[in-house]
Each structure stands twice: as structure tokens, then as C-alpha cells.
Amino acid sequence: AEGLTLVRSSRSSTGFEGVCAKSTGNGFTVRKSNQYLGYAATAQEGALLYARHLGAEASAATDAAEDEFMTAAEAEQAAAAEGLTLVRSSRSRSGFEGVCAKSKGRGFKVKRRVDGRTQYIGCTATAEEGALLYARKLGTEASAAAAAAAAAESMTAA
């Protein structure tokens with residue numbers, strides 16, 4: 001009716017991009033990156049809220065692109081092209097700082113600690129894509145510094 005497209009996601013347990021079930025089991029939170037968009041009683045209502053935020057053209061384009069996951073090689077190439085450094089971590093099962101596998105094996109969550117608080121960055125299909133998202137959040141200089149610190153830490157631990 002509104003000319004919107006609900007953005008489906010195979011990476012989300014709800015089946016919709018940006019829509020996550022609340023841990024209490026009561027409803028769904030809706031987010032775009034780290035921006036809170038609202039609360040919905042059903043996953044479909046959450047998907048509509050997300051689509052309204054994007055707008056008609058963007059929601060259709062996002063839905064069409066959803067199944068086009070970035071490969072590990074593409075994430076590495078994108079990081080190099082943007083002057084970013086992927087921050088590897090021997091402490092993380094994903095192999096990257098701030099990137100952890102989602103509980104049902106459907107992609108990866110990306111987050112970081114800032115001033116003692118967890119900052120949610122996003123969800124991705126691959127660990128490398130998550131590392132790219134993390135590096136983008138840090139920026140060029142900070143991602144290089146974090147990668148150097150992580151490399152030094154792993155050398156002293158060995």
C-alpha cells in the first residue's frame with residue numbers, strides 16, 4: 001500500500017533485516033546499524049518500520065541486494081581500497097576483533113566496547129565482512145593501530 005518492500009534477510013532469525021527478537025521474548029526491536037528505530041509487536045511490523053525508515057526506493061534496492069554477500073576476498077579488497085586494516089584477533093573464534101558468530105550459526109555480530117559500554121555495529125554474513133564493518137567504524141588510523149596492537153599482543157603471548 002505504501003510502495004515499500006520488506007527487506008528479507010537470511011542472516012536474521014526473524015527473516016527480516018534490522019529486526020531482532022527481544023531477549024525477553026516480548027516483541028522485536030528494530031535497528032539500522034546502531035540507530036534504534038523502534039519496537040514492534042511482530043517481526044512483520046518491525047520489517048515495515050525498517051522499510052519506512054529506508055523509503056520505497058531504498059527498501060526495494062536493499063532487498064534486492066540482501067542475498068549478495070561479500071566474500072572474504074571482497075572484504076579484504078574493500079579494506080585495502082579504503083585504506084583500512086582488518087583487526088585480527090587470536091582471542092576471537094572468528095579470527096577478528098569485535099566479530100562473533102551469532103548463536104544459530106546465521107552470520108556474525110559486530111560490536112565494540114566504548115567507555116565500558118557495548119556499541120552494536122551490525123550483522124554480516126561472513127567474519128571478514130564483519131571485520132570490514134568494524135574497521136570502518138574505527139577509521140583508517142585507529143584500525144591500523146588496533147591491528148598493530150593485536151599483532152604485538154599475539155607475539156608476546158606466543
Closest heavy-atom pair and its distance - V87, A150: CG1-CB, 4.3 Å
Euclidean distance, K137 NZ relative to Y134 OH, rounded to 0.5 Å: 11.5 Å
Closest approach of A127 to F96 (non-hydrogen atoms, all atoms of both residues): O-CD1, 3.8 Å
Donor-acceptor under 3.5 Å (S92 side chain, V99 main chain): yes
L54 reachable from L37 in the ILVMFWY side-chain graph, under 4.5 Å edges: yes
Can I get a per-line list of side-chain donor-acceptor pairs under 3.5 Å for residues 39-48, giving both atom names and the distance, sequence neighbours left out?
unit_1	atom_1	unit_2	atom_2	d
T42	OG1	E45	N	3.0
E45	OE1	A41	N	3.3

Salt bridge (Lys or Arg N to Asp or Glu O under 4.0 Å) partners of residues 80-101, not counting sequence neighbours, each pair once: E76-R88, E82-R136, R91-E97, R91-E153
By side chain to side chain contact (heavy atoms under 4.5 Å, CB included) - contacts of L133 (at least two apart): V110, I121, T124
Student check: side-chain heavy atoms of K111 and Q119 closer than 4.5 Å: no
Nearest-0.5 Å distance that lies between atom OH in Y50 and atom OG1 in T5: 13.0 Å
4.5 Å side-chain heavy-atom contact, F28 and C20: no
Step-by-step side-chain contact (heavy atoms from CB on, under 4.5 Å) determination, E74 to E129: CA-CA 8 Å; E74 289 170 337; E129 189 178 8; over 6 Å; no
Closest contact, heavy atoms only, G139 versus L84: C-CD2, 3.6 Å
